[in-house]
2 protein chains.
Amino acid sequence: MGVTKRFIFTDSINEIANIAKVFAHPARVAILKHISEQEGCICNDLVHEIGLSQATISQHLSVIGDAGLLKGRFEGKKKCYCINLERFEEFQTLLNSFFIKTTANCC
Amino acid sequence: MGVTKRFIFTDSINEIANIAKVFAHPARVAILKHISEQEGCICNDLVHEIGLSQATISQHLSVIGDAGLLKGRFEGKKKCYCINLERFEEFQTLLNSFFIKTTANCC
DNA sequence: TCGTAATATTGCAATATTACGATAAATTGT
DNA sequence: ACAATTTATCGTAATATTGCAATATTACGA
């Protein structure tokens, strides 16, 4: 098979998985790190900075964007990206609410 | 191609990606949620609870375990799993240290 | 030791992801 | 309008992931 059976899980669980998928690739983590350090940045810089092709970077950016983790706007021909902090914090809150329930452990 | 070029990224970035990969599949999120709610649990319960085959659950458990997010021990023939909270918090700290640097945003 | 229960591993088919060259689309300056 | 620059999209090859049946392994009790 090979198809993830999303339909057997709750919405919150699927949402955590979807956002986590963004962080599940080092290129995307590197992109987010770079953007967060710049307060806004340009895609072409990323190509130079990260060391992947322009097409690949653009794809990763759209994955990050689809998950709601970016804000962006065009400034002339260049596109300015920044991190959607609210969304990022939403992800952290979700993670916390799921896994920080038990303080005691059995092992 | 299709190969993730891990070698062009730093260790911290790759580590974030590796741990995030655990959370990037709803079955694994559901497994972690279930375990965290039980303070220890049994794999066979998971098969019944999650709705995937025993082989699949077992595979997911080993992915979670390889990332260091589980502690487990055998209790007779059954295996008792619990969450490695230290490791989970390590992940959260890593995420924070990378992306909560800029409070101001450009967009 | 033998049978049973629980978990792990293997092998495979189906699908998803990653990466990049080529090309298209958008925008600015001339 | 045209060329130059920047980003997006398409096509496709390579690799990774997902899921399960079948089988193996491990541990216990009779």
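Below, read A as the first sequence line, B as the second, and so on, with proteins coming before strands; counting in each chain starts at 1.
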Distance in angstrom units between B:I35 CD1 and C:dT7 C1', rounded
14 Å

I'd like to check A:K21 versus A:D66 (side-chain heavy atoms, cut-off strictly below 4.5 Å). Are they in contact?
no

Going by purine N1 to pyrimidine N3 plus the second Watson-Crick contact, or the G-U wobble pair, all under 3.5 Å, which nucleotide sits opposite C:dT9?
D:dA22

Which whole-number value in Å describes the distance from A:L61 CG to D:dT9 C1'?
14 Å

What is the distance, to the nearest angstrom, from the CD1 atom on A:I50 to the P atom on C:dA19?
11 Å

Identify which nucleotide among D:dA8, C:dG21, C:dT7 has an atom closest to any side-chain atom of A:A55, counting heavy atoms from C-beta outward.
C:dG21

Would you kindly give the CD1-to-C1' distance between A:I57 and D:dT6, to the nearest whole Å?
14 Å

Do B:K71 and B:E86 have side-chain heavy atoms sitting under 4.5 Å apart?
yes

Using Watson-Crick geometry (N1-N3 plus N6-O4 or O6-N4) or G-U wobble (N1-O2, O6-N3), each under 3.5 Å, D:dC28 is paired with C:dG3

How many Å lie between CD1 on A:I31 and P on C:dT18, as a whole number?
11 Å

From the set C:dT7, D:dT7, D:dT18, return the single nucleotide nearest to any side-chain atom of A:Q54.
D:dT7

Can you identify which nucleotide, out of C:dC20, D:dG19, C:dA8, has its nearest atom closest to the A:L52 side chain?
C:dC20

Whether A:H60 contacts C:dT17 is assessed here as follows: a side-chain N or O lying under 4.0 Å from the phosphate OP1 or OP2. Is that the case?
no

Does B:T56 have a side-chain nitrogen or oxygen under 4.0 Å from the phosphate oxygens OP1 or OP2 of D:dC20?
yes

Less than 4.0 angstrom between a side-chain N/O of A:K21 and OP1 or OP2 of C:dT17, yes or no?
yes

Which listed nucleotide (C:dC20, D:dT7, D:dC20) is nearest to the side chain of A:S58?
D:dT7

Taking C-beta and beyond as the side chain, do B:Q92 and B:F88 meet within less than 4.5 Å on heavy atoms?
yes

A:T4 side chain: which of D:dT9, D:dT18, D:dT7 is closest?
D:dT18

In the structure I gave you, are the side-chain heavy atoms of A:I64 and A:I35 within less than 4.5 Å of one another anywhere?
no

Less than 4.0 angstrom between a side-chain N/O of A:K79 and OP1 or OP2 of C:dT27, yes or no?
no

Could you say whether A:R6 or A:D45 is positioned toward the 5' end of DNA chain D, judged by the nucleotide with the nearest heavy atom to each?
A:D45

Taking 4.0 Å as the cut-off, does a side-chain nitrogen or oxygen of A:H25 come that near to OP1 or OP2 on C:dA19?
yes

I want to check something: taking the side chain as every heavy atom from C-beta on, are A:F23 and A:L69 in contact at a cut-off of under 4.5 Å?
yes

A:D66 CG to D:dA8 C1': how many Å, rounded?
13 Å

Atom-to-atom span, CD of A:Q59 to C1' of C:dT17 - whole angstrom:
9 Å

